[in-house]
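Notes for the one structure printed next.
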2 protein chains.
Amino acid sequence: MSEREVLEVYLRERGQKMTSPRETVLDAFLKLERHVTAEELLAAARRIDPGIGQATVFRTIKLLAEAGLAREACPDDGARRFEHAYRHEHHDHLVCVECGAVVEFKDEAIERAQQAVYRRHGYAPSGHRMELLGLCPDCAKASKRK
Amino acid sequence: MSEREVLEVYLRERGQKMTSPRETVLDAFLKLERHVTAEELLAAARRIDPGIGQATVFRTIKLLAEAGLAREACPDDGARRFEHAYRHEHHDHLVCVECGAVVEFKDEAIERAQQAVYRRHGYAPSGHRMELLGLCPDCAKASKRK
DNA sequence: GTTAAATATGATATTGATAATCATTATCTA
DNA sequence: TAGATAATGATTATCAATATCATATTTAAC
Ligand SMILES: [Mn+2]
Ligand SMILES: [Mn+2]
Ligand SMILES: [Zn+2]
Ligand SMILES: [Zn+2]
């Protein structure tokens, strides 16, 4: 199923409508490969159709997240960031506190241990956020050299 | 060293001053045992001294975090939350998506595996945020009963 | 203790992200 | 194709957090 079909099914299920602005925002989002803010997404969508409104972008990215096409990444700064979620395996982030470089990783030992925590407390898992902060090799070298 | 002394040392080190509003905010913070927002902290501080300004609370809680007395917990809703960090062992949070119930935990297997991730990518650790989301036993029961 | 330099305060205005409102327009179903 | 319904985009509102700035405190030097 294509991303567009996923969205159509999600909308139809709840009596909502597929529209051309929504398609534009989806296309813009799919072309951006990494963590994007609503503002960046608005700019990208307007490159396709300059008439797109800001409110529509906020509404649509939320819709994409609900439909399972986008996923919210923990915000570093003020603005929320979204990344692709459909046919992208779950992963977490290792972020450099100095330059902001991001490494995506998935660690099976961590994922297993997280499941054990859920079990231990009788919680039913519904996702997690994990962000490891640190100093990347380049920044460590730069700061050592002072 | 008391929390107050920690703050005094931190301030003196950078030519800043210990003041009575800062002491009030610190006292209010120390009495609140759990994750608080700036707004809640303002209310608590005003119970001690009604003249405290909102800006001072925002400024002071940031100061407390820098001094190692407070730690920012990942925000569930809009507002940032802070918890005690001095003489409190590091821990992560398991949060119910339905009722907001929070379990604090520390899992050595996860912590160890996180260190391995840092090593694998050559990053120097400087802290992490992890929040496990799920449905607590009570909410699971309630939703099963429909 | 008095004083002067420096910093802090609190009232207020401002920002920046997101949400709500609403008159108009587009979509979908029958 | 028409009519019911939902979506759009311009605008306004909200809310946390910051910036501004005149006044007040603190501190260190006399
Ligand atoms: Mn990612
Ligand atoms: Mn906690
Ligand atoms: Zn770096
Ligand atoms: Zn619950």
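A, B, ... follow the sequence lines: proteins, then strands. Residue 1 opens every chain.
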Margin query: Contact list please: residues 36-53 of chain B against DNA chain C, heavy atoms, distance less than 4.0 Å, in numerical order.
Written below: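 Those residues are B:Gly51, B:Ile52, B:Gly53.
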Tell me: [atom1] of [X] to [atom2] of [N], nearest whole Å?
| X | N | atom1 | atom2 | result |
| --- | --- | --- | --- | --- |
| A:Leu11 | D:dT8 | CG | C1' | 15 Å |
| A:Ile61 | C:dA17 | CD1 | C1' | 15 Å |
| B:Arg80 | D:dA17 | CZ | C1' | 7 Å |
| A:Phe58 | C:dA19 | CZ | C1' | 9 Å |
| A:Arg14 | C:dT29 | CZ | P | 16 Å |
| B:Leu7 | C:dT7 | CG | P | 17 Å |

Next item on the list: Go through the steps to decide whether A:His88 and A:Glu83 satisfy the test side chain to side chain contact (heavy atoms under 4.5 Å, CB included), and finish with yes or no.
Entry: CA-CA 9 Å; A:His88 284 64; A:Glu83 62 183 339; over 6 Å; no
Check: Looking only at heavy atoms, which two atoms of B:Ile110 and A:Ala113 are closest? And how far apart?
Finding: CG1-CB, 3.4 Å
Next item on the list: Identify the two heavy atoms, one from B:Cys136 and one from B:Cys96, that lie closest to each other, and give their separation to 0.1 Å.
Entry: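 Here B:Cys136 and B:Cys96 meet closest at N-SG, 3.4 Å.
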Margin query: Exactly one of B:Thr19, B:Thr60, B:Thr56, B:Ile52 should register a side chain to side chain contact (heavy atoms under 4.5 Å, CB included) with B:Thr24. Which one does?
Written below: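 Going through B:Thr19, B:Thr60, B:Thr56, B:Ile52 one by one, the side chain to side chain contact (heavy atoms under 4.5 Å, CB included) with B:Thr24 is satisfied by B:Ile52 alone.
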Checklist line | Whether B:Phe105 and A:His121 hold their rings parallel, tilted or perpendicular, with breakpoints at 30° and 60° | finding: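 Because their plane-to-plane angle lies in the 30° to 60° range, the rings of B:Phe105 and A:His121 count as tilted.
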Note to self: So, does B:Arg22 get its side chain near the phosphate of C:dA8, meaning an N or O under 4.0 Å from OP1 or OP2?
What the structure shows: yes
Note to self: Taking atom CD as the centre, does A:Glu98 end up with more than 12 heavy-atom neighbours from other residues, nucleotides or ligands that are less than 6.0 angstrom away?
What the structure shows: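 Not buried by this count: 12 neighbours or fewer within 6.0 Å.
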Check: Within the side chain of A:His84, is there an N or O that forms a donor-acceptor pair under 3.5 Å with the backbone of A:Phe29?
Finding: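 The answer is yes, because a donor-acceptor pair under 3.5 Å joins these two groups.
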Checklist line | Contact state string [nucleotides 19-30 of chain D, B base, S sugar-phosphate only, - no protein heavy atom under 4.0 Å] | finding: BB-----BS---
Note to self: Can you see whether B:Phe82 has B:Arg80 sitting over its ring - NZ or CZ less than 6.0 Å from the centre and within 45° of the normal?
What the structure shows: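 No cation-pi geometry.
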